[in-house]
Enquirer: 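This is the structure I want to talk about, given as C-alpha cells.
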Amino acid sequence: MANDSDNSLLAISPLDGRYKSKCEDLAPYFSEFALMRYRVLVEVKWLQKLSEHDQIDDLQVISDRGLEYLDDLIENFSIADAQRIKEIEATTNHDVKAVEYFIKEKFEDNAELSDQLEFVHFACTSEDINNLAYALMLRDGRDKVVLLSLIHI
C-alpha cells in the first residue's frame, strides 16, 4: 500500500483526491495550516484591540514596536509554527487552546508582551476564535481565488 499513497482513491474526499490539482489554489485559505494561521490572526487582532481599550487597567497600550512584533506573528506564520501548534495540541487535546499557548510562548521572549500573557484569549471562547477564523477563510478564499477564477471563465 505504500506505493499507493498518491492514489486518489485513498483520499479522504474528491477534493484532496481526483480534484486536488483543481483545488490547490484554495489550500492557503482552507488547509489546516490556514486555519491555524487565521486563528493566530484573530487572537492577535483581538489582543491589539483590547490593548486600546482604556477601561482595562491591567493591559497597557501596546507600543508600535510591540504591534510590529504581533503583526510579524501573523505575516510570517510558518509551517514550523503550525507544527509547534500541533505539538502543543498533542498535550492539550484542544486545537484553539494550542494556538493560545503558542502565542504565549512567542511572548515569553518579548519584554513588553511577556507582561500581557494573561490577555491572550481574554474573554474569548473557542467558538469566538473559530467563527471569526472561518469567516475570514471564506472571505479570502472567495475574494482571492473563487471570484478571480470566475472572472477568467
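For this chain, numbers begin at 1 and follow the sequence in order. Since this is a predicted model, take the numbers as computed values, not measurements.
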Enquirer: Rounded at 0.5 Å granularity, tell me how far CD1 in Ile88 sits from CG in Asn93.
Expert: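 Reported value, rounded in 0.5 Å steps: 13.0 Å.
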Enquirer: Are Glu89 and His94 side-chain neighbours, meaning at least one heavy-atom pair lies under 4.5 Å?
Expert: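 Answer no - side chains too far apart.
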Enquirer: From Asp72 CG over to Lys106 NZ, what is the distance, rounded to the nearest 0.5 angstrom?
Expert: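 The CG atom of Asp72 sits 9.0 Å away from the NZ atom of Lys106.
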Enquirer: With side chain to side chain contact (heavy atoms under 4.5 Å, CB included) as the criterion, how do Leu136 and Val42 come out once you've worked through the C-alpha distance, each side chain's angles and the decisive distance to 0.1 Å?
Expert: CA-CA 9 Å; Leu136 293 169; Val42 170; 3.9 Å; yes
Enquirer: Using side chain to side chain contact (heavy atoms under 4.5 Å, CB included) as the criterion, list what pairs up with Asn131, not counting sequence neighbours.
Expert: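 Applying side chain to side chain contact (heavy atoms under 4.5 Å, CB included) to Asn131 gives Glu127.
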Enquirer: Using a distance-only test with no angle check, is there a side-chain donor-acceptor pair under 3.5 angstrom linking His121 and Glu43?
Expert: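 Result is yes, a qualifying pair exists.
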Enquirer: Counting distance only, does the side-chain N/O of Asp81 pair as donor-acceptor with the main-chain N or O of Ser78 below 3.5 Å?
Expert: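 Yes, the answer is positive, given that a donor and an acceptor are paired below the 3.5 Å cut-off.
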Enquirer: So if you build clusters from Ile, Leu, Val, Met, Phe, Trp, Tyr with side-chain heavy-atom gaps below 4.5 Å, do Met137 and Leu15 land together?
Expert: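 In one cluster with Met137: Leu15, no.
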Enquirer: For a 4.5 angstrom cut-off between non-hydrogen side-chain atoms, does Tyr134 reach Arg39?
Expert: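 Result yes, sub-4.5 Å side-chain heavy-atom pair found.
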Enquirer: Quick one, Thr125 and Val96 - any side-chain contact, counting heavy atoms below 4.5 Å?
Expert: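 Contact flag for Thr125/Val96 side chains = no.
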Enquirer: State the CZ-CD distance between Arg37 and Glu75, to the nearest 0.5 angstrom.
Expert: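 Reported to 0.5 Å precision, the distance equals 9.0 Å.
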Enquirer: Same cluster or not: Tyr19 versus Leu150, using hydrophobic residues (I, L, V, M, F, W, Y) connected whenever any side-chain heavy atoms lie under 4.5 Å apart?
Expert: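 Different hydrophobic clusters.
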Enquirer: Which pairs would a plain distance check flag for residues 48-55, meaning a side-chain donor or acceptor within less than 3.5 Å of a matching protein atom at least two apart in sequence or in another chain?
Expert:
from, atom 1, to, atom 2, distance (Å)
Gln48, NE2, Asp71, OD1, 3.2
Ser51, OG, Gln48, O, 2.9
His53, ND1, Gln55, N, 3.2

Enquirer: Minimum heavy-atom separation for Ala98 to Ile85, with atom names?
Expert: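 Here Ala98 and Ile85 meet closest at CB-O, 3.5 Å.
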Enquirer: Crowded around Lys104 NZ? As in, over 12 foreign heavy atoms under 6.0 Å?
Expert: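 Enclosed: over 12 neighbouring heavy atoms sit under 6.0 Å from NZ of Lys104.
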Enquirer: Looking at CD1 of Ile62 and CG of Leu47, how far apart are the two atoms once the value is rounded to the nearest 0.5 Å?
Expert: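 Reported to 0.5 Å precision, the distance equals 4.0 Å.
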Enquirer: Atom OG1 in Thr92, atom NZ in Lys97: separation rounded to 0.5 Å?
Expert: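 So the gap between those two atoms works out to 8.5 Å.
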Enquirer: Between the side chains of Glu68 and Arg65, is the shortest nitrogen-to-carboxylate-oxygen separation below 4.0 Å, so that they form an ion pair?
Expert: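 Salt bridge between Arg65 and Glu68, a charged N being under 4.0 Å from a carboxylate O: no.
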Enquirer: Mind listing the side-chain donor-acceptor pairs of residues 23-36 below 3.5 Å, one per line with the distance, residues two or more places apart or on another chain?
Expert:
from, atom 1, to, atom 2, distance (Å)
Ser31, OG, Ala27, O, 2.8
Ser31, OG, Ala34, N, 3.0
Glu32, OE2, Lys86, NZ, 2.9

Enquirer: Can you list, pair by pair, the side-chain donor-acceptor contacts under 3.5 Å of residues 142-149, counting residues two or more places apart and other chains?
Expert:
from, atom 1, to, atom 2, distance (Å)
Ser149, OG, Val145, O, 3.3
Ser149, OG, Val146, O, 2.8

Enquirer: With sequence neighbours left out, write down each residue that passes side-chain hydrogen bond (donor to acceptor under 3.5 Å, both in side chains) with Thr91, or none if nothing qualifies.
Expert: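 Counting only residues at least two positions away or on another chain, Thr91 forms no side-chain hydrogen bond (donor to acceptor under 3.5 Å, both in side chains).
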Enquirer: Rounded to the nearest 0.5 Å, what's the gap from CZ on Phe107 to CZ on Phe102? Could you check?
Expert: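 Answer rounded to 0.5 Å: 10.0 Å.
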Enquirer: With a 4.5 Å cut-off on side-chain heavy-atom distances among I, L, V, M, F, W and Y, is there a chain of contacts connecting Leu117 to Leu113?
Expert: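 Result: yes, single cluster for both.
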Enquirer: Looking at residues at least two apart in the chain, or sitting in another chain, which of them share a ring pair (Phe, Tyr, Trp, His ring centres under 6.0 Å) with Phe122?
Expert: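 Counting only residues at least two positions away or on another chain, Phe122 forms a ring pair (Phe, Tyr, Trp, His ring centres under 6.0 Å) with Phe119.
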